[in-house]
Amino acid sequence: MEYNFKEIEQRWQQRWREQQLYKVSNNSDKPKYYVLDMFPYPSGAGLHVGHPLGYIASDIYSRYKRLCGYNVLHPMGFDAYGLPAEQYAIQTGQHPEITTEKNITRYKEQLSKIGFCYDWNREVRTCDPQYYKWTQWVFQKLFNSFYCRECNTACDISELVDWFKEHGTDKIGALGSEELHFTADEWNAMSEKEQQQVLMNYRLAYLADTKVNWCPALGTVLANDEVSEGLSVRGGHPVEQRVMRQWNLRVSAYAQRLLDGLDKIDWTDALKDTQRNWIGRSEGAEMQFRLAGTDDYFTIFTTRADTVFGVTFMVLAPESEYVQQVVTAEHRQEVDEYLNWVRHRTERERISDRKVTGVFTGSYAVNPLTEKNIPIYISDYVLSGYGTGAIMAVPAHDSRDYAFAKHFNLPIIPLIEGADVSEQSFDAKEGVMMNSGFLNGMQVKDAIAAMKRYIKEKGIGKVKVNYRLRDAIFSRQRYWGEPFPVYYKDGMPYMIPEQCLPLQLPEVSDFKPTQTGEPPLGNAAIWAWSEAEKKVVAKERIDNRTVFPLELCTMPGFAGSSAYYLRYMDPTNNEALVSKSANDYWKQVDLYLGGSEHATGHLIYSRFWNKFLFDIGVVCEDEPFKKLINQGMIQGRSNFVYRYIGEEATGNLYISYNLIENPEYKGKVQPIHVDVNIVKNDILDIQAFRSWMPEYKDAQFVYADGSTDVDNPYWGAATDKQYICGWAIEKMSKSMFNVVNPDDMVERYGADTLRLYEMFLGPLEMSKPWDTNGIDGVHRFLKKLWNQCENIVDEDPTAEELKSLHKLIKKVTWDIENFSFNTSIPAFMIAQNELSKCSKRAILEPFAVLLAPYAPHIAEEIYHRCGQTSSVCDAEWPKLNEAYLVESMQKYPVQFNGKVRFTIEVPKDTSKEEVERAVMQHEDTPRFLNGATPKKVIVVQGRIVNIVL
RNA sequence: GCGGCAUUGGCGUAAUUGGUAGCCGCGCCAGACUUAGGAUCUGGUGACGCAAGUCGUGUAGGUUCGAGUCCUAUAUGCCGCACCA
């Protein structure tokens with residue numbers, strides 16, 4: 001009978017739906033296991049064949065865990081807020097809600113065809129008010145919290161208020177943007193607004209004038225991880241720096257905990273390194289330098305305290321607050337010109353053009369150790385956002401300072417013995433100190449420690465740890481996002497009452513930003529907050545006494561994705577983000593699968609968000625994702641034809657790829673992308689090409705063998721000749737005609753084949769190109785298996801058959817537990833081949849269970865042919881019996897992986913002959929050898945390691 | 001510049017972790033069945049050699065009885081961070 005995958009797959013998918021087979025309960029005696037995929041953003045283009053890779057892997061693992069007796073949570077949802085939907089709305093006038101809904105429907109349709117075991121009852125969508133209610137709720141909690149350095153946890157802001165009432169800022173443990181100083185009396189005398197301004201300095205979600213990445217093309221600000229090389233990650237538009245009043249999240253407060261937490265979780269080293277890098281902890285010292293001729297000091301940060309004796313000048317960032325204090329009258333004009341020039345440079349210019357620039361301020365600082373006066377410069381190579389925005393320059397041992405010193409002809413004092421600084425600086429932290437007073441003769445490492453002690457004793461500085469991690473900018477000047485549950489009274493933000501959440505996204509007349517430069521929510525007619533009525537009312541009613549303006553920005557994409565894994569635990573709860581009992585049961589995500597592109601975005605924010613929720617007692621685990629695997633990207637594999645563009649070219653002639661280097665064609669061909677769907681194994685389907693696009697209707701070819709149909713009026717007859725296409729690995733994209741759609745694959749080969757083939761392509765974590773050639777191989781395997789299962793009989797299996805089965809059990813179990821899914825498919829093929837004559841129930845039933853995670857539809861079918869009435873999903877994972885392997889080895893010794901390995905002890909210096917004799921006499925030997933003579937015995941100093949038969 | 005990962009037949013890859021390198025698949029070659037095949041089945045397929053055999057995991061060294069696997073350099077490619085003091 002033919003393998004009718006379409007019928008089988010549809011029938012089973014329907015039955016799974018009807019029986020709610022994948023519905024998961026929060027009450028179970030079974031141990032829990034939580035497998036999560038990073039939920040997709042439903043774009044208009046639909047899924048391509050690369051998207052399901054991770055989903056298939058997680059589905060295999062989920063199904064395996066279920067077969068092993070776990071209660072497995074494996075949900076799916078949609079990250080539905082975001083820029084593309086809104087930009088589409090601006091272009092077409094369609095409401096993003098409608099397009100998003102349409103895209104989600106399409107995604108679900110595509111996903112369901114592949115046969116995933118999601119519990120769709122738990123689906124979440126970030127744009128659903130019942131979902132974003134809790135995003136807004138967490139935001140309010142962040143607003144009402146501060147970070148306590150002493151207890152290392154987030155605390156309620158009311159505790160801080162109580163402290164201020166009693167003690168002012170004395171012995172304050174709260175972490176703030178700036179260090180403030182006031183007494184209890186001063187606090188109590190402050191107005192409501194003044195107090196609110198002070199508290200803003202400590203809140204975990206706070207409003208501040210921040211230097212932001214402003215993207216004019218997108219009309220919004222972007223977070224650091226959304227910008228790369230001065231361009232927006234989405235769309236690649238230029239980004240400029242601007243100071244704007246924005247919501248921020250005090251992620252930096254959690255820098256150390258985010259770093260420490262990495263040691264407790266099972267992520268790859270690569271990903272942990274990326275996060276460590278992003279957090280960027282560096283230990284150093286803050287030092288005070290006196291401004292010459294005054295009693296004013298300013299503070300710098302350095303990791304090379306040992307090099308103070310080599311400081312020959314100072315540099316301030318252009319934005320540094322010290323600048324105005326330091327610049328002298330005669331240098332003011334020059335400095336202002338420079339500052340102006342710097343301000344008008346875009347981020348991109350600054351990155352691409354790194355020539356040395358700077359200006360002298362006219363002032364001098366005093367080196368605290370040499371007591372010498374050193375000039376103070378301003379230069380944009382010093383960043384205002386890191387450390388204190390001021391540095392001490394050590395040109396001999398820092399390449400940037402070196403370049404600056406050379407340019408301005410400043411002295412360079414080497415501090416390390418043997419370091420040649422005539423051509424370049426010596427940046428390595430190694431060697432013996434010289435020219436450094438009491439540090440002379442010390443190793444660099446010891447010198448750093450000694451200097452830190454020294455500056456602490458002398459009171460000229462202190463040990464300090466700095467982090468590169470900045471606070472996250474949390475405002476977006478866009479429509480399609482979560483509204484802030486915030487209104488403004490007297491210029492200060494206030495939270496709308498918790499019981500009024502969610503604050504629903506209003507209708508607007510236009511999604512574009514308003515002409516006044518306000519975000520699109522400025523177009524909403526009904527967008528004001530009535531304190532008395534506790535509800536949203538018409539904007540025209542704003543009087544700033546009882547009715548107040550609401551916040552016009554929306555939250556960024558990462559807001560909704562930061563806690564979605566918690567919502568799956570308890571998706572319909574209207575009383576809490578997640579109930580205590582649900583959270584206690586599911587705890588944290590055991591296995592998280594997704595792309596590594598989220599390493600410094602979502603995966604940092606989510607950990608921050610979770611740690612905060614842990615601090616305030618909402619969740620019981622400090623880390624959200626116990627184990628994380630990054631699946632590789634699937635790239636496209638494009639095909640090309642080569643149009644002849646030499647003299648006498650008609651623009652109609654295409655040269656076979658193998659000929660394009662020939663002298664007559666070399667340099668005279670132009671590669672043109674051709675649809676990969678009309679190419680097989682790099683051979684072009686001539687007829688399909690001619691009808692692909694009108695311009696190729698009369699295409700003529702020089703074929704692989706050099707023959708041509710240029711002069712052949714009946715070129716249609718030449719289709720038995722081969723035209724070879726070139727190929728390249730590129731991003732999968734419509735414009736390159738290399739997009740392969742999973743629906744097409746399911747249509748042609750079935751979901752089971754697609755699932756197997758995606759795993760077969762290579763290791764999960766590796767990036768690899770999609771190449772449809774080769775899918776036939778795994779499809780053939782399923783067809784053969786299908787035919788083998790036509791008439792299943794109840795006979796006792798032979799030892800050989802049991803051996804094949806148990807070999808497979810061992811292999812597949814090991815593979816899944818080690819996420820080595822690609823190596824299971826060869827094992828299945830070998831086993832099928834070995835068992836091709838076998839149609840016994842006792843073999844095929846466990847075989848079906850082993851196959852079920854990979855190819856669930858055909859596995860169900862085989863399982864039922866074996867007489868089972870329940871789903872294969874509720875079967876038990878086959879038990880491995882090594883005895884079958886050993887027992888069969890006695891009968892078929894040579895067949896056990898072709899290799900037998902065991903160890904026996906023999907005295908040292910035993911000759912090879914004696915060893916061989918010892919092997920033959922060893923009690924284990926007969927079992928393996930069965931009378932045969934070993935072909936080769938490998939002896940290792942007193943031990944036998946290998947016996948080859 | 002710093003950090004991470006990779007490099008094995010014509011191609012994707014495997015080698016359970018230091019033990020016969022190349023499993024499985026694609027492609028290719030040969031054969032079978034076909035009126036026919038972009039169908040199916042069987043066999044072969046790292047290189048050199050008629051052969052026995054020799055050589056082979058980017059390159060060069062090292063550790064080891066034994067290295068694709070460990071160490072040290074080096075080259076190439078990919079990824080992340082980057083004027084972070």
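Just so it is clear: chains get the letters A, B, ... in the order the sequence lines come, proteins before strands, and each one is counted from 1.
Across G38(B), A14(B), C83(B), the shortest atom-to-atom separation from the side chain of T823(A) is found for A14(B). Considering only side-chain atoms of W814(A), the nucleotide from A82(B), U16(B), C24(B) that sits closest is U16(B). When the nucleotides A85(B), G25(B), A82(B) are ranked by their closest atom to the side chain of W278(A), A82(B) comes out on top. You'll find that the side chain of D273(A) is closest to G3(B), out of A85(B), G3(B), C81(B). Of all nucleotides listed (G38(B), G4(B), C24(B)), G4(B) comes nearest to the side chain of A270(A).
Counting any heavy atom pair closer than 4.0 Å across all strands shown, M766(A) reaches sugar-phosphate atoms only and no base atom. If you check every strand for non-hydrogen atoms under 4.0 Å, V382(A) touches a base. Here R470(A) lies in heavy-atom contact (under 4.0 Å) with a base. Among the atoms of the strands shown, only primed sugar atoms or phosphate atoms (P, OP1, OP2) are found under 4.0 Å from some heavy atom of P763(A). Within the 4.0 angstrom heavy-atom criterion, no nucleotide atom of any strand lies near L271(A). Within 4.0 Å (heavy atoms only), N822(A) reaches sugar-phosphate atoms of the nucleic acid but no base atom. Across all strands, I391(A) comes closer than 4.0 Å to base atoms (heavy-atom distances).
For R780(A) and D776(A), the salt-bridge test fails: no basic side-chain N is under 4.0 Å from an acidic carboxylate O. Under 4.0 Å is where a charged nitrogen must lie from a carboxylate oxygen, and between R304(A) and D427(A) no such pair does. The pair D273(A)-R276(A) counts as a salt bridge, with a side-chain nitrogen and a carboxylate oxygen less than 4.0 angstrom apart. Ion pairing between K807(A) and E834(A) holds under the 4.0 Å rule for side-chain N and carboxylate O.
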| request: Walk me through it: do R637(A) and V676(A) pass the test side chain to side chain contact (heavy atoms under 4.5 Å, CB included)? | output: CA-CA 8 Å; R637(A) 188 181 185 279; V676(A) 291; 5.7 Å; no
| message | The test is side chain to side chain donor-acceptor pair (under 3.5 Å); show your working for S638(A) and N738(A) and say whether it passes. | response | CA-CA 5 Å; S638(A) 314; N738(A) 59 7; 2.9 Å; yes
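The interatomic distance linking N639(A) (CG) with G27(B) (P) rounds to 15 Å, in whole Å. As rounded to whole Å, 14 Å separates atom C1' of C11(B) from atom CD1 of I683(A). Whole-Å rounding puts the M392(A) CE to C83(B) C1' distance at 17 Å. One atom, CG of D398(A), and another, P of C2(B), lie 14 Å apart when rounded to the nearest Å. Summarising the geometry, the separation between OH on Y757(A) and P on G25(B) is reported as 13 Å, rounded to the nearest angstrom. In this structure, CD of E597(A) is placed 12 Å from P of C81(B), rounded to the nearest angstrom. The interatomic distance linking L415(A) (CG) with A85(B) (C1') rounds to 15 Å, in whole Å. Taking atom CZ of residue R748(A) and atom P of nucleotide G38(B), one finds them 15 Å apart after rounding to whole Å.
Between Y854(A) and F828(A), the ring planes lie perpendicular to each other; the angle is over 60°, past the 30° to 60° tilted range.
The gap from the C1' atom of C78(B) to that of G27(B) amounts to 26 Å, rounded to the nearest Å. Comparing the P positions of G49(B) and G43(B) gives an interatomic distance of 28 Å, to the nearest angstrom. With C1' as the reference atom, A15(B) and G9(B) are 15 Å apart, rounded to whole Å. Look at the C1' atom in both G18(B) and U64(B): the space between them is 9 Å, to the nearest Å. Comparing the same atom, P, in C26(B) and in A21(B) gives a spacing of 26 Å after rounding to whole Å. Nucleotides G53(B) and C5(B) are separated by 39 Å at their C1' atoms, to the nearest Å. When the P atom is compared between G25(B) and U59(B), the two are found 29 Å apart, to the nearest whole Å. Comparing the same atom, P, in G19(B) and in U34(B) gives a spacing of 50 Å after rounding to whole Å.
Distances shorter than 4.0 Å separate some side-chain N or O of Y386(A) from OP1 or OP2 on A85(B). Using a 4.0 Å cut-off, no side-chain N or O of K783(A) falls inside it from OP1 or OP2 of A39(B). Residue R276(A) places no side-chain N or O under 4.0 Å from the OP1 or OP2 atom of G4(B). Applying the 4.0 Å criterion to OP1 and OP2 of A82(B), one finds that N277(A) has every side-chain N and O outside that range. The side chain of S282(A) contributes an N or O atom lying less than 4.0 Å from OP1 or OP2 of A85(B). When the side-chain nitrogen and oxygen atoms of R780(A) are compared with OP1 and OP2 of U40(B), one or more of them lie within a distance under 4.0 Å.
Base pairing of C65(B) is made with G19(B), judged by Watson-Crick or G-U wobble geometry with both donor-acceptor distances under 3.5 Å. U40(B) and A32(B) make up a base pair, with Watson-Crick or G-U wobble contacts both under 3.5 Å. Base-pair partner of U74(B): G58(B) (Watson-Crick or G-U wobble, both distances under 3.5 Å). Pair assignment for G80(B) gives C2(B), based on Watson-Crick or G-U wobble hydrogen-bonding distances that are each under 3.5 Å. The nucleotide C50(B) finds no pairing partner, because no Watson-Crick or G-U wobble arrangement with both distances shorter than 3.5 Å includes it. Across the strands present, G12(B) finds its partner in C24(B); the criterion is a Watson-Crick or G-U wobble pair with both atom distances under 3.5 angstrom.
Contact annotation: side chain of K810(A) to base of U16(B), donor-acceptor pair absent below 3.5 Å.
For R468(A) and W278(A), the positive end sits near the middle of the six-membered ring, less than 6.0 Å away and at most 45° from its axis.
Because its glycosidic torsion is within 90° of 0, G9(B) is reported here as syn. Anti is the glycosidic conformation of U69(B), whose angle departs from 0 by more than 90°.
When the nearest nucleotides of RNA chain B are assigned to T274(A) and T302(A) by heavy-atom distance, the more 5′-ward of the two goes with T274(A). Nearer to the 5' terminus of RNA chain B, by closest-nucleotide assignment, is the contact made by N773(A) (compared with the other of D401(A) and N773(A)).
With hydrogens and angles disregarded, a donor-acceptor distance shorter than 3.5 Å links the side chain of K768(A) to the backbone of P763(A).
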